[in-house]
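Here the structure is laid out as structure tokens; the discussion comes afterwards.
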Amino acid sequence: MTYTSYLYFFGFAIIVYVMYLLFPIKHRWKVLLAGSCLFSIILDGFLSLCLFVTAFSSYFCALQLTKMQDDFNSAKKGLSKDEKKELKNKVTKQKKTVVAAAVIISLGILIVLKYTNFFLGTINGISAFFRAGFEIPLVGFVLPLGISYYTLQAIGYVVDTYRGKYRAETNPAKLLLFVSFFPQMTEGPIGRYDKLMPQLEQGHRYNNEDFTAGITLIFWGLFKKLVISDRASYIATDVFSDYNKYGSFVIILAMICYTIQLYTDFSGCIDIMSGTARIFGIRLEPNFRQPFFSKSVGEFWRRWHITLGTWFKDYVFYPVSLSKPFMKLSKASQNHMSKFMASIVPSSCALFVVWLGTGLWHGADIKYVLYGLYYFLIMILGTLFEPVFVKMFSKSKIDRRGRLMNSWAVLRTLLLVNMGMTMFKANTIGDFGAIIWRSFTNFSMNDLMYGTLFERGTDRHDFVVIAIGVIIMFIVAVLKEKGRDPLKSVSTGRIYIKWPVMIGLILAVLVLGAFGPHYGVVDNIYAQF
Amino acid sequence: MEELLEILSEVKPGVDFETEKELVDSGILDSMTIIQLVARLTDEYDIEITPMELVPENFNSAEAIYAMIQRLED
């Protein structure tokens, strides 16, 4: 069952919503819990098992952490300063053991299921290289849908409890709901307990504004997914799987189509999920903020998959940067390096860990590791050359923040991101290299003149629909960037704005959606992580 | 406060730290700059800054950073 299937929309979500409204307000969270459990069982029985283990281990560990803190708070009364410090150190060590246990259980399940074959394959590769004469057979684990999302969400909850950000949840059923809330189960956004849980447990009455905003978001997401993404996917998949047949123009077009596909697929599904949650009166964390208007790769990652980026920042980058070995490295850098290098070396090392983790999070393949390191390299080069750029602009007296330079910065970021997306899509790193090489070296007008593009399942009509869809998305993005969200005005605006836009969106999805005998089902890309 | 303003100008030159109130929210201080700043602050003020303190509210203005330092010194 996928988010775009009729079963999900007209069956599952409607039944859960009707039940939600029929139940007394204080028991409505139980309907969400039952719906979420049923959803995970329908998706995959094994997913439910993994989900329950992660949720309950997080529940018990967090509860233990709060109890330890309470015990410490009672025991420290009347102690001297030194005794308090000694007790605090002892309790901190114990608390760290509990956090480690929770992380090992949750992350352990993810690592075993997702990365076992990657490790075995690497060992086999090394064995073959050195002709060691052995090969370990690969295992046939099935990766439960959404495991990479709810695992991070559960770990974030335990770590925040350890840090004392909030007290542990005392009701195991409520924590299970937090980890498994069905709209965000398979593709995020990765939620935070203090923002999501109060909304989940508080029953919401029917609210016209929430309902209209939710429906609008769902159809906007469907428009992105079914009208734009699924069409673009045919072009990208055809060309990428057989790139030797095509010249530069078609390859560049396919690279652009894949970037469009990935964005509209992921952000479209997030809109569908956020819209579903909004109908229940629940607002999920935003995951995108017009990423293609970014002026740097760093900014792009602060606007793209926002909840993953902030998760890595809060639970990997900051703790690693502030850990004792990194603080020692920082001091050593200050003693032995120039002021500039000393300021960037320690944080760059922590950033390396983040991008290695981000790459591996996307998939168990060397391609994804290099994908993460590609962005790391761009960011580090940007930081290293910043003083040179500052000097250059100051000497040339070109306004760096002027319209021209801003436009160039946006275009440059777009090109770099498009290159990253190509690496993401290519089957192997070798293919990526060959595709990039071909995109620069095989210019021929024949591709465009003889309609090579339209020979493989896509026609002119598909290109026109994609182009119109992208223009509409661009206009919406520009308005959002200026603080005027047109989708918001559908739910709050006057009736002569609301209905034409709603009907237009619904008709566009029904008439232009890439479904029917001519089109196959395109799986959500980010649900596979 | 003057010492803090000096450190801030060294870590991120060209910003008016006396008036700017949205250092994190407006993207002037990104996570890498915050870590560079934290390394300097722990050194200069002999304080321990944990990941828990690394929230926008503590870094959005020079006053907020100063208040955090005073709190951690106590």
At a heavy-atom distance under 4.5 Å, which candidate from Pro346(A), Gly298(A), Ser347(A), Ser330(A) has the highest pair count against chain B? Ser347(A)
Applying a heavy-atom distance below 4.5 Å, give me the residues of residues 8-17 of chain B that approach chain A, sorted by number. Glu10(B)
Let me know if Lys165(A) has heavy atoms under 4.5 Å from chain B in its side chain, its backbone, both or neither. both
From Met32(B) atom CE to Ser348(A) atom OG, the distance as rounded to the nearest 0.5 Å: 4.0 Å
Taking CZ in Arg303(A) as the centre, count heavy atoms belonging to other residues, nucleotides or ligands within less than 6.0 Å. Is the count above 12? yes
With rounding to the nearest 0.5 angstrom, report the CG to CZ distance, Asp30(B) to Arg302(A). 5.5 Å
Gln70(B) atom CD, neighbour heavy-atom count above 12 within 6.0 Å: yes
Sort by residue number and list every member of residues 41-63 of chain B having a non-hydrogen atom under 4.5 Å from chain A. Thr42(B), Asp43(B), Ile49(B), Thr50(B), Pro51(B), Met52(B), Leu54(B)
OH of Tyr66(B): more than 12 outside heavy atoms within 6.0 angstrom? no
Whether over 12 other heavy atoms sit under 6.0 Å from Lys88(A) NZ: no
Nearest-0.5 Å distance, OG of residue Ser321(A) to CD1 of residue Ile35(B): 4.0 Å
With a 4.5 Å cut-off on side-chain heavy atoms, are Ile34(B) and Tyr318(A) touching? yes
Which heavy atom of Phe317(A) sits nearest to which heavy atom of Ser31(B), and what is that distance? CE2-O, 3.4 Å
